[in-house]
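What follows is a structure written as structure tokens; I'll ask about it next.
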Amino acid sequence: MNWDEFAQWGSRISDWSADYHKTLRDRPVRAQTSPGEIAAQLPKTPPEDAEAMDTILADFEDIVMPGMTHWQHPRFFAYFPANAAPPSMLAEMLVTTIAAQCMLWQTSPAATEVETVMVDWLGQALGLPEGFTGVIQDSASSATLSAVLTMRERATGYCGNRDGLSGTGQLRIYCSDQVHSSIDRACWVAGIGQANLVKIGTRGARHAMDTAALKEAIAADRAAGHIPAGIIAITGGTGVGACDVLGAILAVAKEEDLYTHLDAAWAGAAMICPEIRQDFWADVDGFDSIVFNPHKWLGAQFDCSVQFLKDPNPQLNTLKIEPEYLKTTGAKVTNYSEWTIPLGRRFRALKIWFLIRSYGLEGLRSRIRNHIQWSRELCNALRELPGFEIVTEPILSLFSFRCPGSDDDQQRLVDALNEDGRIYLTQGAFSGRKIIRFQVGQFDTTREDVMLARHVIEEVWEKISRGS
Ligand SMILES: *Cc1c(COP(=O)(O)O)cnc(C)c1O
């Protein structure tokens, strides 16, 4: 392909992209395919001879698109959102075009410097005090793994990387039973082990970690000769939006000299609203590490996860490695690959720059406030449906409910709704029961989209209960 042809196809694809977004409401949200259906349409062997872009794109439309679930659909209410505001998509097109490896300052000085400023802008937007620095990672899972490795190294006098862990005692990490599975996996791969991730029970309307139980667990571990290494708190758990009381956890961490990490992958976006911050994020500035995904609710195209660090040195002491071929000379610069596990890095800061400038913080705040408001309205509307139960009240824009009947009936309703295609929801578990989760957060969703869900849920529920 020459660059003139590239320009023609590029403009055709950008037209296609705009049409796709404008007509998304006409498509079923979740792919309506069965396993193997797409693979069966692909040739078993790669082509020996070149094919025309016309043919490739036609197959993309015919074979691939029917097998896609539409995360940018305004009636996507499943999981958490993965928004891609149009200016952030444009920035990604530019980043894809330049295709630079931004691992060191000198391999693209602008990427490093824009990243430094964007982390600072976001820190200000979230009300973090001056002095916090940070780095943009691919995902919250990677940021949490970096923090867990840092807990491990700090607790072993920074000897784990050198000596391995066979000579140390049992390192212990504490969190509530509402955390995301990425915390379990970070403990697996950091060599800490699932058995040493201590999950503490929760209490209260926001399902916050019971800090009295946390203290007892730490004391018992010390008595048993174990080595407490860190505490992971959560703002906005995946199941029902659990939010820990940050100050209470920090007080324990301080007493016990433990490193602290806060997972706010989803809910962090809402903290750009001062009134929400006041309600949920008192004392947040005491955390050593905080992760928040601008690629979820805020609107930056996936992937884009920001890890804030009160002091980057413990993490640098854990992850920094400098072989001869990566050494740079000259002025003091930041090399962000020293802050993370992968060496290669994309220029992720550009889409944050485009996003924040295109909407302003006020434009982004008004979306989040609307989503929270509409989620409450829908929750109240579902409460009125006969036999329906609100299991957990809205925390930010997430609540959960049950239809009349057994756990199997909940799953039957979720499956029937997703086959209907007008909305997309997923199930969860709470207190040993199956629940249906509902979150509002898609960038283009409207109040009408959200309120339509009540009608769809009622209609589909009536249909399946008549059928049984
Ligand atoms: C989404 C989510 C994660 C995982 O995020 P990735 O960026 O996909 O790794 C972790 N914690 C919470 C609370 C989340 O919502």
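For ligands, and for the atoms within them, numbers begin at 1 and follow the listed sequence.
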Quick one: do Glu377 and Arg447 make a salt bridge, cutoff under 4.0 Å? yes
Partners passing ring-ring contact (aromatic ring centres under 6.0 Å, His included) against Tyr424 (at least two apart in sequence or in another chain): Phe76
With no hydrogens and no angle check, just 3.5 Å: does a side-chain donor-acceptor pair link Thr116 and Tyr336? yes
Are the charged groups of Glu275 and Arg369 less than 4.0 angstrom apart, N to O? yes
One line per pair, note the atom names and distance for all nitrogen or oxygen contacts under 3.5 Å between ligand 1 and the protein.
from     : atom 1 : to     : atom 2 : distance (Å)
ligand 1 : 7 (O)  : Ala140 : N      : 2.7
ligand 1 : 7 (O)  : Asn293 : ND2    : 2.9
ligand 1 : 9 (O)  : Ala140 : N      : 3.4
ligand 1 : 9 (O)  : Ser141 : N      : 2.8
ligand 1 : 9 (O)  : Ser141 : OG     : 2.6
ligand 1 : 11 (N) : Asp263 : OD1    : 3.3
ligand 1 : 11 (N) : Asp263 : OD2    : 2.6
ligand 1 : 15 (O) : Lys296 : NZ     : 2.7

Looking at Arg346 and Asp138, is there a salt bridge between them, counting it only when a charged N and a carboxylate O are closer than 4.0 Å? no
How are the rings of His207 and Phe430 set relative to one another: parallel (under 30°), tilted (30 to 60°) or perpendicular (over 60°)? perpendicular
